Amino acid sequence: MNKNQEIAEIFDKIADALEFKGEDSFRISAYRKASRILKEYPEDIEDIYKKGEIQKIPGIGKGMAEKIVEYLETGKIKKYYEVIEEIPEGLLQLLEIPNLGPKTLNLVYNKLGVKSLEDLERVIENGQLVKLFGMGEKKVENIKRGIELYKQGKERIPLGIALPIVEEIINELKKYTKKIEPAGSLRRMKETIGDIDILATGENNNEIIEKFVTLPFVKEVLAKGDTKASVIVKTNNLQVDLRVVPPDSFGAALQYFTGSKAHNIKLRGMAKDKGLKISEYGVFKGNKKIAGEKEEDIYKTLDLIWIPPEIREDRGEIEAALSNKLPSLVEESDIKGDLHVHSKYSDGVETIQEIAIKAKTFGYDYIGICDHSKTSKIAGGLDEEGLKRRNEEIDKINENIKEIRILKGMEVDILADGSLDYSDKILEQLDFVIASIHQGFKKNVTERIKKAIENPYVDIIAHPTGRLLSGREGYEVDIDEIIEYASKYNVALEINCYPDRLDLNDINILKGKAKNLKFALGTDAHNIGMLKYIKFGIGMARRGWLTKNEILNTYDWKEMPLRRKR
DNA sequence: GCCGTTTTCGGCCCGACTGTTTTCAGTCG
């Protein structure tokens, strides 16, 4: 964990404590905001500190800057110890229980001495909680359900799992609605999704809501009103919220429910300065509605051009839109080929010919076949002889299929000493080379990747951090150093599109962009059904503000700015 | 706690739903 993360977590804990104490909510949100800024900040806060520019970061003022400096110099923040004094350890963790907020937690602590989850469960069982002023049967019941959800541990799920669920729901509800679209972090293509937000408009609100809460895969209905309903679906215990709005508010609602929260708060502040009010129903001047049907009109009322959902994170996009400096983000139609696909020669399912035929349906000009190299025995890695046979087959297919070019790539293992799995003589015969770590995740990874980057035949480093969203932490690697080094040697870093990887992710892409790094999109497909994962990588690239020129796959093969041309 | 040529003080996004209130507080997003 780097310093940015460490400080962010302390700020979050301070916010929890202040909330528990019932202190000024604006001060609390200042801590939350500072925490978010630090977590997402593309540079190491220590470097900013050395430049003396901490307070230049918007959202970080004098107070926060002092605390950050205090942490960097002493490893502690006094304020933190002040605010958690007298609060029993572990108590604030209970704030994660749904339906149990700071007010109620404070109440049960002060009136009933609840200090832990066990205490809380006890006062529910023995009837003490329900007797407290402001409590009641239903509130207690809700907290009880909250405890159940808390124990199940509701984790964010990968975008790749959430998207099919959303598509299924939308498909079911389509016939009852005029318009229905996903919003929230899913529309922003965030790598993981907490809740799913869906927005609809139609003739009969009640019917839409009713159909929604009675869908066969709904497990539990959490809330149901005239305009909104929340349910838990059977898959992954995911919460899905549906909002139904009038047609002339659809754009405003889409904008509002797409978020992010920080992006919206800033927009609303700007609206206020102009004497306007934004809500999910529209933009209002006094009582008069001046926008609402179309999303871009919401932005127009603030003198902004429409901002793509993927970058609505309050990371400078509003300022960029104001000065007309929004980048023209890469589009799906810019992509001319996939640069990381496995064939039957190693651990892929289909033949090269089959892959080529499928790739054509994506409108690709080329496809990069990258099988595993010999050390990856489990993955059917190819020895020199096998590689030769594969390359000969590619040559043959290229003669027969003219509409798409098959590129001879390989995903070559970086060995324990940083050398590659094939000799330079072998590497030279390939169209391009991807190098990657597949073993020794904790052994000198940074140095090994740097050595691979130094090899003149390496064009791309695959899944540079090795993290898996399903749980694996990733290699022990200094990604900042790799970005710096790759940029220096003109080696591209991969944006691996596989839903469990999405590696590099948005934050690391932003870091790379700042260093003029080049990127390569690769699905890492092991069967042709996975070629569609390219859209997740594009989502990640867009979240990282990338334009097409920064991505190898948008170039014609002959013009592709690979490290060197062969 | 942050921020600012309409403010260095006094603002700070806005609304739905729920349950407990008899006009509103708490939680959530």
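Everything numeric here is computed off the predicted structure, so don't read it as measured data. In what follows, chains carry the letters A, B, and so on, assigned in the order in which the sequence lines appear, proteins first and then strands, with residues in each chain numbered from 1.
Of the possible polar contacts, one joining the A:Thr258 side chain to the A:Leu254 backbone as a donor-acceptor pair under 3.5 Å is found. In this structure, A:Arg243 contributes its side chain and A:Ala253 its backbone to no donor-acceptor pair below 3.5 Å.
In this structure, the NZ atom of A:Lys138 is 21 Å from the P atom of B:dA25, given to the nearest Å. The nearest whole Å value for the distance from the CD1 atom in A:Ile14 to the P atom in B:dG1 is 9 Å. At whole-Å resolution of the value, CG in A:Leu242 and P in B:dG29 are 16 Å apart. What separates NZ of A:Lys33 from C1' of B:dC3 is a distance of 9 Å, to the nearest Å. Across the protein-nucleic acid pair, A:Lys139 atom NZ and B:dG26 atom P stand 7 Å apart, rounded to whole Å. Atom NZ of A:Lys103 and atom C1' of B:dT21 are 17 Å apart (whole Å). In this structure, CG of A:Asn142 is placed 10 Å from C1' of B:dT27, rounded to the nearest angstrom. Separating the NZ atom of A:Lys62 from the P atom of B:dT8 is a distance of 18 Å, rounded to the nearest angstrom.
Because its NZ or CZ atom is both nearer than 6.0 Å to the ring centre of A:Phe284 and within 45° of the ring axis, A:Lys277 counts as a cation-pi partner of that residue.
Note on A:Gly259: nothing from the nucleic acid sits closer than 4.0 angstrom, heavy atoms only. Using a 4.0 Å heavy-atom criterion, one finds that A:Thr104 contacts the sugar-phosphate atoms exclusively.
The A:Tyr281 side chain lies nearest to B:dA16 when the options are B:dC17, B:dC2, B:dA16. Set against B:dG15, B:dT27, B:dC17, the side chain of A:Ala223 has B:dC17 as its closest nucleotide. Checking B:dG1, B:dC17, B:dG15 against the side-chain heavy atoms of A:Met64 singles out B:dG1 as nearest.
Salt-bridge formation is not detected for the pair A:Asp12/A:Arg36: no Lys NZ or Arg NE/NH1/NH2 atom is positioned less than 4.0 Å from an Asp or Glu carboxylate oxygen. For the pair A:Asp500 and A:Arg467, the salt-bridge criterion is not met [side-chain N within less than 4.0 Å of a carboxylate O]. Of the charged side-chain nitrogens involved, at least one lies within less than 4.0 Å of a carboxylate oxygen, so that A:Glu295 and A:Arg312 count as a salt-bridged pair.
In summary, the side chains of A:Glu207 and A:Asn205 do not present any donor paired with an acceptor at a separation below 3.5 Å, with no hydrogens or angles considered. If you check the side chains of A:Glu210 and A:Tyr176, you find no donor sitting under 3.5 Å from an acceptor. Side chains of A:Ser230 and A:Lys224: no donor on one and acceptor on the other come within 3.5 Å.
The two residues A:Asn496 and A:His463 make their nearest non-hydrogen contact at ND2-CD2, 3.5 Å.
If you find the closest nucleotide of DNA chain B to A:Leu100 and to A:Gly134, the one lying nearer the 5' end belongs to A:Gly134. Of the residues near DNA chain B, A:Leu105 and A:Pro58, the one whose nearest nucleotide (by heavy atom distance) lies more toward the 5' end is A:Pro58.
Residues A:Phe20 and A:Tyr109 bring their aromatic ring centres within 6.0 Å.
In B:dT7 the O4'-C1'-N dihedral to the base is within 90° of 0, which defines a syn nucleotide.
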Q. How far apart are the C-alpha atoms of A:Glu313 and A:His263, what are their side-chain angles, what is the distance that settles it, and do they pass the side chain to side chain donor-acceptor pair (under 3.5 Å) test?
A. CA-CA 5 Å; A:Glu313 299 288 347; A:His263 175 89; over 6 Å; no
Q: Run the numbers on A:Arg32 and A:Asp16 for salt bridge (Lys or Arg N to Asp or Glu O under 4.0 Å), then give the verdict.
A: CA-CA 9 Å; A:Arg32 298 246 186 255; A:Asp16 283 344; 2.8 Å; yes
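Spacing of P atoms, B:dC14 relative to B:dT8, comes out at 23 Å, to the nearest Å. A gap of 13 Å separates the P atoms of B:dG26 and B:dT21, to the nearest Å.
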Contacts under 3.5 Å, N or O only, protein and nucleotides 11-13 of chain B:
{"from": "B:dC12", "atom 1": "OP1", "to": "A:Lys272", "atom 2": "NZ", "distance (Å)": "2.6"}
{"from": "B:dC13", "atom 1": "O2", "to": "A:Arg268", "atom 2": "NE", "distance (Å)": "3.4"}
{"from": "B:dC13", "atom 1": "O2", "to": "A:Arg268", "atom 2": "NH1", "distance (Å)": "2.7"}

Q: Can you run through DNA chain B from 5' to 3' and write each base as (, ), [, ], | or . depending on how it pairs? Watson-Crick or G-U wobble, both distances under 3.5 Å.
A: ((((....)))).((((((....))))))
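Taking a 4.0 Å limit (strictly below) on heavy-atom distances, residues 294-309 of chain A does not reach DNA chain B anywhere.
Within the 4.0 Å cut-off from OP1 or OP2 of B:dG1, at least one side-chain nitrogen or oxygen of A:Lys67 is found.
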